[in-house]
Structures are given as C-alpha cells and as structure tokens.
Amino acid sequence: MGFKKLFIDGKWTDTGKYLEVKNPYDGSAAGTVCTADRALTEKAIAAAFNARKVMASLTAKQKGDILDKTGSLIAKYSEDFARIITAEAGKGIVFSRGEAGRTAENFRFAADEARRLGGELIPYDASASGANRFGYYKRFPIGVVGAITPFNFPLNLVAHKVGPAIAAGCPIVLKPASSTPLTAVLLTEVLLEAGLPECGINLVVGSGSVVGNAMVESELINMLTFTGSPSVGLGIKAKAGIKKVTLELGSNSAAVIHEDADIAYAVPKCVVGGFANSGQVCISIQRIYIHEKRYDEFRDMFVKSVKASGFGDPADEKILVGPMIEESEAARVESWIKDAAAKGAKVLTGGGRRGTMLEPTVLEDVDETMTVVSEEAFAPLVCLMKYRTLEEAVERVNNSQFGLQAGIFTNDIKNAFYAIEHMEVGGVMVNDMPTFRVDQMPYGGVKLSGTGREGPRFAVEEMTELKTVMFNLN
Ligand code: NAD
C-alpha cells in the first residue's frame, strides 16, 4: 500500500517521514501518511500567509461555488469517506456514513454563508455628533486560520473549520489528529477537485507538541480554531499571544428525565446519545438525572436496551459501540469505574475491557464527588442518578466544570422553560438527547467547554473582522 503525502505550499509533498495509521479495533493498518516537522509546518504557515490576498479576493460567487461543489463531491465519495473514518477512528460504519452525509450538508451551509456575508448600515445620525454622516460596517477575512482538530469526527469537525474559513476568504493551515489524518487527506483532495485555489489550504500532520505547537507559536497565524480536550485547549490559549482563539472543548453532558416524561420515547434516544461512537462525542450523555418516581422504570428499560445494543467490530452495520481510540484511554475509564465501584457504585451492566474494547457500562449509586460523574469520560459510560425536584435536577446539571449542551425530557412546557432559563450550557435540547446537533445551529459551550461558537454562520463571524466606514456629508 502506498502512502499519503501532505499538501504544503501548493504541492503534494513527500516529507520523508511516515506515520502508520492503525485501526483501533484490531490494530490492522488503516494507511500510511507523511508527517511534518517544525520547519515544514513553518513553511506551510508562511505559504498560507502569502495566500491571504488571493483568498480575500475570491468573489462571493466563487466561494459559494467551491463550497457547494465540495458538498456534492463529498456526497459522491461518501462511501470512501465512511470506510476511511471507520478504519482509522473505529466509528460504527452506519455512523461514519451519517458523518459523511452531514458533512456534505455542512459545506452547503458554508456556501450559503459565503453568499450572504455582508454588513449593515450604521445609523450615525442617532448620535448628537452624527448628523449628515452615512456609513456601514463590512466583514473582512481575519487572515490565516490555523485549524487543530480531534479524532472523533475526523471529517465533519474539520469541515466546521475549513468551510467557514473558505466562506470568510481565509487561507487555512489544517492539523488533524494524528490518529485520524487519512480522512483529512481525502478531504484536501476533494477541496482541490472542487476548485479551491491551491494556496487556500495547507495540510500538516504530526504531533501536537511539534506541529500543533509551531502553529500556536506562529505570529503569521491570525486565528486558531481548536476542537479537542480542555487541557490542550487551555494550554493553547495560554500560549497563543495576540491571535484570536476559539475553543470547542469537552463535557460530561447531562439529560434530565422528569416525572412527566415519556420514558419509552426517551430511552432509545439516551442509549444512542450515551453510546454512539463508544461515547467519544463531546456531547455524549454521561449523566442521566431521573425523577425518583420514574427511576426504576427508566433504569430497567435503559439497561435492557444497552445490553441489546451491538458491541464489536465497527465495520458491522449492527454495531453501536466499537473500540475506543486507544487502549490507554479505555484503561483510564476502566480504572475510574473500578474506583467508583470501590466507593459504592453499582455496575448495572458492562465494566469489562479487552484492549481498546470497553464494554458499554451503566452505573448507579454514584454522585458528583466521583470521577465517573465529575470528569469527562469520553467513553461508553453512563451514570444514573435520582432527584426529587426539577430545581434540584437543574442545580446538579450545573454542578459541573463543563457546560456544552443538556437535554430535558418533559411534557410540560413550564418545566422546559425552567430548564432553558436556568441550565448553564450552550444549548438545551427539549425532548431530545443533549447529543443532538445539526450543523447550521450555533454550537459551543460555556465554562470549561470552551469559548466561541461554530456552525457556518457563527464560525464565519469568528473568522472575520468588522471594518467600519463613515462618509462625512457635512
Ligand atoms: P486532544 O486535545 O488530545 O487533541 C486535539 C488536537 O490537538 C489534535 O490534533 C492534537 O494533535 C492537538 N494537540 C495536542 N497537543 C497539542 C499542543 N500542545 N499544541 C497544539 N495542538 C495540540 O483531543 P482528542 O483526544 O483528539 O479529542 C477528544 C477531546 O475533544 C474531548 O475532550 C472532546 O470532548 C473534545 N471534543 C470537543 C468537541 C466540541 O465541539 N466541543 C468536539 C469533539 C471533541
């Protein structure tokens, strides 16, 4: 099998150093890709810096056409993308297909934003000193966008950065996660096939400490858009200097099952929300707060349903839960489960592990003092807890260092509004899992879950600067 080159300074480049990408399910080879060092990363950044004028001068029509065509090509090659995602990320094939479909849509939403990017008239004469003045503000590209992305959605989370950057007129330096670079290589090929100017994207693969750090320290990058773990994100923000930084970080998302909820409706949603992609989703359900009067009913139905969900080879269409990305990650969560059990938690199902395969696990008799509840598991692990009043449930949802999204199942609109008003999160999903996301909605967190919002419209705002214009007609 050949190897994949990096795209640097407008050329596919054999860097002479190679990384073998492994399938996390069975350790088999998923492919080989070149890696960059600090010097090559700096070359890529300098090339992006020199591409600012070309990218800024693309018309709205040109950008919209490139982005629409990218969406169409992703739809055309969706099975190729899905197979690569499953091979390198270990995601169930059905969910990998879903990711490819969403990404095609996501690029079309970015195309819409490219076409509507504009400004607004400023009512200067509302001010005492503004009479006979006319003007507007307009959005301009921020400059070079450095995108650093995680492994768990190797296509769509890259699209959430690349699509808006193109719509905004910014050149991009993209560093995907080292465990999932092959999807990013195919996406770069597709972007070029769709007509993106060759200077518009640079693809660098390598470790966070070398390639990522070179991007963080560069003075030629104007904005870093990062999706990944809170610890890495905080480190990036501390070192980034004057450049703008947006952070999409982790969470231990909660769902509330209120007294009046439709349990049979909520259970399958919570199973998918907790266990799809082995719980390696930033808005995966980790905590479920259940009203005490409905607790036993929910627990019994939920555990039965988790036991019946497919666990195994992600290439099998019946699989909900496959491997975790690395054995060390699965071992970390296994040790948290053992620690919780030693402190009195009951393992209702799962808990066992073989290599990267951590069984889908449900715990009860847990509380917010235990690591399984308070830290981000990013694993197929769900904790069930009882509550008495909605106020208590919302307080416990908020008793977290994170705040990405939360869900509430209720049939009373007053309860829904109480949750909407009082939950400290970036999004409240009523009668759905906190894991719900479509790509055009504003998406991002509060507290340790991050700063800034994604979704093409909102990411384009982050990737542009306002310039204010005034005509003095006096
Ligand atoms: P990670 O933080 O380990 O890695 C993310 C990226 O950062 C990778 O490309 C990595 O190489 C790079 N990196 C690592 N160290 C770096 C450094 N010192 N300087 C610059 N770059 C560096 O995260 P991961 O394990 O790939 O992904 C899991 C995490 O991502 C979870 O915490 C999850 O919640 C979060 N996540 C958040 C969202 C969101 O939208 N909020 C979405 C998906 C994942």
Side-chain angles (χ1 to χ4, degrees), residues 19 21 24 35-36 38 41 45 88-91 99 102 106 146-161 173-181 183-184 203-218 221 224-240 243 245-253 276-286 324-326 328-330 332-333 375-379 400-405 425-427 434-435 437 439 441-455 458-459:
L19 170 74
V21 183
T35 56
R38 188 173 178 108
T41 307
I45 296 169
E88 65 179 357
K91 181 175 293 188
E99 182 175 348
R102 267 178 70 177
N106 201 354
I148 302 180
T149 54
F151 73 85
N152 62 330
F153 285 83
L155 181 58
N156 201 31
L157 291 180
V158 174
H160 267 291
K161 301 183 183 313
V173 179
L174 168 63
K175 192 207 100 56
S178 302
S179 43
T180 55
T183 312
L203 172 67
V204 283
V205 172
S207 73
S209 55
V210 176
V211 173
N213 195 44
M215 291 168 67
V216 175
E217 289 178 352
S218 171
I221 287 184
L224 280 171
T225 165
F226 173 80
T227 302
S229 59
S231 58
V232 173
L234 286 179
I236 286 177
K237 192 156 196 280
K239 280 174 96 176
K243 64 178 80 66
V245 178
T246 56
L247 301 173
E248 299 287 341
L249 308 177
S251 191
N252 58 350
S253 295
N277 200 22
S278 306
Q280 298 169 119
V281 180
C282 46
I283 35 177
S284 188
I285 301 180
Q286 186 174 331
M324 289 183 62
I325 193 71
E326 277 173 26
S328 58
E329 284 294 286
R332 165 181 63 80
V333 182
E375 295 296 328
E376 179 184 35
F378 214 59
S400 167
Q401 53 191 325
F402 306 105
L404 201 44
Q405 294 200 149
V425 287
T435 325
R437 183 181 186 187
D439 296 289
M441 71 189 215
Y443 181 80
V446 301
K447 302 198 256 183
L448 199 50
S449 292
T451 58
R453 291 291 179 271
E454 287 195 338
F458 309 95

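Each ligand, and each atom within it, is numbered from 1 in the order the structure gives. Only heavy atoms go into these numbers, but all of them, side chains included; no hydrogens, no water, no symmetry mates. For clarity, every value in this text was computed on a predicted model and none was experimentally measured.
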Partners passing salt bridge (charged side-chain N to carboxylate O under 4.0 Å, His left out) against Arg437 (at least two apart in sequence or in another chain)
none
Enumerate the residue pairs fulfilling salt bridge (charged side-chain N to carboxylate O under 4.0 Å, His left out) with a member in residues 207-216, sequence neighbours excluded, ordered by first and then second residue.
none
Under a 3.5 Å cutoff, is there a donor and acceptor pairing between the side chains of Glu88 and Thr183?
yes
Would you check if there is a donor-acceptor pair between the side chains of Thr227 and Lys161 at a distance under 3.5 Å?
yes
Which protein N or O atoms sit under 3.5 Å from any N or O of ligand 1? Give each pair with its distance.
from     : atom 1 : to     : atom 2 : distance (Å)
ligand 1 : 2 (O)  : Ser229 : N      : 2.9
ligand 1 : 2 (O)  : Ser229 : OG     : 2.6
ligand 1 : 9 (O)  : Thr149 : O      : 2.8
ligand 1 : 9 (O)  : Lys175 : NZ     : 3.2
ligand 1 : 11 (O) : Lys175 : NZ     : 2.8
ligand 1 : 19 (N) : Gly208 : O      : 3.3
ligand 1 : 26 (O) : Phe151 : N      : 3.3
ligand 1 : 30 (O) : Gly228 : O      : 3.3
ligand 1 : 32 (O) : Glu376 : OE1    : 2.7
ligand 1 : 34 (O) : Glu376 : OE2    : 2.5
ligand 1 : 41 (N) : Leu249 : N      : 3.3
ligand 1 : 41 (N) : Leu249 : O      : 2.7

Taking side-chain hydrogen bond (donor to acceptor under 3.5 Å, both in side chains) as the definition, give me every residue that meets it alongside Asn277, ordered by chain and number, with sequence neighbours left out.
none
Lys/Arg cation over aromatic Phe226: Lys175, 6.0 Å, 45° cone
no
